[in-house]
Amino acid sequence: MHQLSDYFVILTAKTNTNMRKSLIITIIAGIAVFAMMSCNKNVYDEKTHGELIHYYSSVDSVDQQHMWMLSQTKSLRYQIPSGSTYEQLRIYTANPLTDENAELMNQIYVSSGKSGVLSIDVPYLLTTLYAALVDADENLAVISFSSSQSSIDFTDVTTGKAISSLKPQTYTYLFEENFPAPGDYDYNDVVLRVSQQRTAENQITIKVTLAAVGADNLLAGCIRLVGYKYEDIDSIYTTSGESFNDGINDQTLYPFGQIFSDKTSVRSHLLMGRSKEAVLNLFCDAHWAMAFNVNAEYGLFQRKKYNVTTSSGDNYQLRSTRTLSYVVTFKNDESHQSVIGSLDNFTPITLDPFIINDYNSGNFEIHTEQFKEAKILTQTEYNMPSFKDLPWALMIPQANFLYPLEGTEIGYRKKTESGAVAMFGAYTTVGHSFGEWAEDHNNFLDWYLYPNKQLTF
């Protein structure tokens, strides 16, 4: 007899139909347990797991090449004119001289004659970008260029003042809480709106809005700074002095004891990942962060679903969104000059927002597709499936994305027995639907611009 180093997680998922069929899948969670078997073997059956997920999927046939991306990172070469007095180079989504909705994609610090490369993250639908050289008096010299270009030419500029204050490029992140079990595909268990902006040569300010919590269970949330280590950070503070964890009770943290093992880590904005990554600690409890009542007693704290219905009730509540801005200052000594230089290439893709759920005494991280293999904080070991079906997290390049109401699928698309295609849900405009994009990652990229406003928040 050999001690089994894996334990069983039993997932029982039920459909929304009256038949309420159920399936059971046994998957590996990969941490030590106290069970005995005749031999030690991997009990995770990916084929069965895949069949279960597909059984509950909202889409018949998911494109197996899908990465669920609606934008791509691009590098731009630049050369600052010699003899100029410009101090910054900014890249915008629209003309800042004429469009008050222009979003700031990147902002770097420059000087006369300087050349280099900066990075931006460009939504696929965005074909024209704007670059602005900025002097100490906030005068802008602006040029437009194609999003397909790899360099910027400042020979023909238009000068003036920006007509509005800086609006950093903001993405909306949607999470399903159920991993590794199937979700219900309304993508509102946690909704975050996240932006980043270079605010000093060695500083990035990350703005986080907690917009909705449609989950049933306790969920933690963090942001990994991809490519940066804990030791690279000098300090982190919020501009308001607040935290999403203010007033939180120790009992709330029990399911995440291995991560938030002491009050110091709970109160700290900066955590160290398993491989010494720099991790921004957002919240230990999404419901608490959204409800935010410092004087509430734990025994009276009732978990509700926030901002996922059109009215409040016993289990649902409309609340103001909560926004915090985290000022991240990087060490600026001789040994960290390469880190400071790399901030020119700090883009939304440098941020890896993720949530952590507690399932069967294990902590599971839920990331967007490009980071789904990551295990940053959890000590739970588990197999990440390689099959492609609908993801547990989505990243939308839109600050005001209308997410589905509670219980509303983002986009059901399946063939009926008659061979017709049934479509319903929040994003189901034919030719511009989520389901069509799920089936073909190269097309229908504008689906998120076509919400059914009666089914979205």
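None of the values given here were measured: they were computed from a predicted structure.
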Student check: side-chain heavy atoms of V328 and I206 closer than 4.5 Å: yes
field: Steps toward side chain to side chain contact (heavy atoms under 4.5 Å, CB included) verdict (V308, D186)
entry: CA-CA 10 Å; V308 294; D186 56 11; over 6 Å; no
- request: Return the orientation label for the F283 and F244 ring planes: parallel under 30°, perpendicular over 60°, tilted otherwise.
  value: perpendicular
Partner of Y427 by ring pair (Phe, Tyr, Trp, His ring centres under 6.0 Å), out of Y187, Y185, F401: F401
message: Treating N281 as the side-chain partner and S268 as the backbone partner, does any N or O pair qualify as donor plus acceptor under 3.5 Å?
response: yes
- prompt: Mind checking whether L118 and L89 have side chains closer than 4.5 Å, heavy atoms only?
  reply: yes
Please tabulate, for the side chains in residues 128-137, all donor-acceptor contacts under 3.5 angstrom to protein atoms that are two or more places apart in sequence or on a different chain.
from	atom 1	to	atom 2	distance (Å)
D135	OD1	D137	N	2.9
D135	OD1	E138	N	3.1
D135	OD1	N139	N	2.9
D135	OD1	N139	ND2	3.4
D135	OD2	N139	ND2	3.0

query: Under the side chain to side chain donor-acceptor pair (under 3.5 Å) criterion, do S386 and E46 qualify, and how do the steps go?
result: CA-CA 8 Å; S386 61; E46 184 174 69; 3.0 Å; yes
- line: All heavy atoms of C222 vs all of L271, minimum pair found to be SG-CD1, 4.4 Å
- prompt: Below 6.0 angstrom between ring centroids: does that apply to H269 and Y326?
  reply: yes
message: Can you confirm whether the side chains of Y86 and Q88 place a donor and an acceptor under 3.5 Å from each other?
response: no
- line: In this structure, CD of Q203 is separated from CG of D234 (nearest 0.5 Å) by 10.0 Å
task: Using a cut-off of 6.0 Å, state whether more than 12 heavy atoms not belonging to Q64 lie near its atom CD.
output: yes
- request: Could you name each residue pair satisfying salt bridge (Lys or Arg N to Asp or Glu O under 4.0 Å) that touches residues 199-228, not counting sequence neighbours?
  value: D216-K305, R224-D352
query: Are any side-chain N or O atoms of H49 and backbone N or O atoms of P180, one a donor and one an acceptor, separated by less than 3.5 Å?
result: yes
- request: Take K74 and D121 through the test salt bridge (Lys or Arg N to Asp or Glu O under 4.0 Å) and record every step on the way to the result.
  value: CA-CA 6 Å; K74 289 181 172 286; D121 194 68; over 6 Å; no
- prompt: Where do L166 and Q107 come nearest, in terms of heavy atoms and distance?
  reply: CD1-OE1, 3.6 Å
- prompt: What is the distance from atom CG of D189 to atom CG of L219, rounded to the nearest 0.5 Å?
  reply: 7.0 Å
query: Considering only heavy atoms from C-beta outward, does the side chain of F256 approach that of N357 to under 4.5 Å?
result: no
query: Got more than 12 heavy atoms from elsewhere within 6.0 Å of NZ, K415?
result: no
- line: Sorted by chain and number, sequence neighbours left out, side chain to side chain donor-acceptor pair (under 3.5 Å) with S146 holds for S148
- request: Kindly check if the number of other-residue, nucleotide or ligand heavy atoms within 6.0 Å of CD (E373) is above 12?
  value: yes
field: Over 12 non-hydrogen atoms of neighbours within 6.0 angstrom of CZ in R274
entry: yes
- line: So CD1 of I233 and NZ of K331: to nearest 0.5 Å the spacing works out to 9.0 Å
Heavy-atom side-chain contact between V208 and I223 under 4.5 Å: yes
message: Is the ring pair Y403/F457 parallel, tilted or perpendicular, if the boundaries are 30 and 60 degrees?
response: parallel
- request: Check T199 against I204 and note the closest heavy-atom contact, atom names and distance.
  value: OG1-C, 4.1 Å
field: All pairs passing salt bridge (Lys or Arg N to Asp or Glu O under 4.0 Å) where residues 382-392 contributes a residue, at least two apart
entry: E369-K388
field: Minimum heavy-atom distance between A286 and V190, given as atom pair plus value
entry: CB-CG2, 4.2 Å
query: Should T205 and Q197 be marked as a side chain to side chain donor-acceptor pair (under 3.5 Å) after you check the CA-CA gap, both sets of side-chain angles, and the distance that decides it?
result: CA-CA 5 Å; T205 297; Q197 179 185 347; over 6 Å; no
field: L70 side chain near P123 side chain, heavy-atom distance below 4.5 Å
entry: no
field: Heavy-atom neighbours of N442 CG exceed 12 at 6.0 Å
entry: yes
field: Test: K375 cationic atom under 6.0 Å from Y382 six-membered ring centre, within 45° of axis
entry: yes
- prompt: How about K414: does its NZ atom have over 12 heavy atoms from other parts shown lying under 6.0 Å from it?
  reply: yes
Under 3.5 Å side-chain donor-acceptor pair for Q337 and N332: yes
- prompt: Would a 4.5 Å heavy-atom cut-off, applied to side chains only, mark V279 and L270 as touching?
  reply: no
message: For K453 and L402: C-alpha separation, side-chain torsions, deciding distance, then whether side chain to side chain contact (heavy atoms under 4.5 Å, CB included) applies.
response: CA-CA 8 Å; K453 292 188 178 181; L402 303 182; 4.2 Å; yes
- request: With side chain to side chain donor-acceptor pair (under 3.5 Å) as the test, would you mind laying out the steps for R193 and T170 before giving the verdict?
  value: CA-CA 6 Å; R193 306 195 194 275; T170 302; over 6 Å; no
query: Within a strict 4.5 Å, meaning less than it, do heavy atoms of the I80 and S115 side chains meet?
result: no
query: Can S111 and E87 be counted as having a side-chain donor-acceptor contact under 3.5 angstrom?
result: no
message: For a 4.5 angstrom cut-off between non-hydrogen side-chain atoms, does I143 reach T158?
response: no
message: Taking salt bridge (Lys or Arg N to Asp or Glu O under 4.0 Å) as the definition, give me every residue that meets it alongside K161, ordered by chain and number, with sequence neighbours left out.
response: none
task: Name the orientation class of the two ring planes belonging to F175 and Y173 (parallel below 30°, tilted from 30 to 60°, perpendicular beyond 60°).
output: parallel
query: Does the D344 side chain pair with the main chain of I108, one donor and one acceptor, at a distance under 3.5 Å?
result: no
- prompt: With ring centroids as reference points, do H66 and W437 lie under 6.0 angstrom apart?
  reply: yes
- prompt: Is atom CD of E100 surrounded by more than 12 heavy atoms (other residues, nucleotides or ligands) closer than 6.0 Å?
  reply: no
Aromatic ring proximity W392/W68, centre distance under 6.0 Å: no
message: With rounding to the nearest 0.5 angstrom, report the OG to CD1 distance, S147 to I91.
response: 12.5 Å
query: At what distance, to the nearest 0.5 angstrom, does CG of D184 lie from CD1 of I410?
result: 11.0 Å
- prompt: Taking the six-membered ring for Trp, are the ring centroids of H54 and F387 within less than 6.0 Å of each other?
  reply: no
query: In chain order, what residues pass the salt bridge (Lys or Arg N to Asp or Glu O under 4.0 Å) check against E439, with sequence neighbours excluded?
result: R413
message: Once rounded to the nearest 0.5 Å, what's the spacing between atom CG of L52 and atom CG of D45?
response: 11.0 Å
message: I need the minimum non-hydrogen distance between A215 and H287, along with the two atoms involved.
response: O-NE2, 2.9 Å
- prompt: Do you know which two heavy atoms are closest between Y448 and Q398, and how far apart they sit?
  reply: O-OE1, 3.8 Å
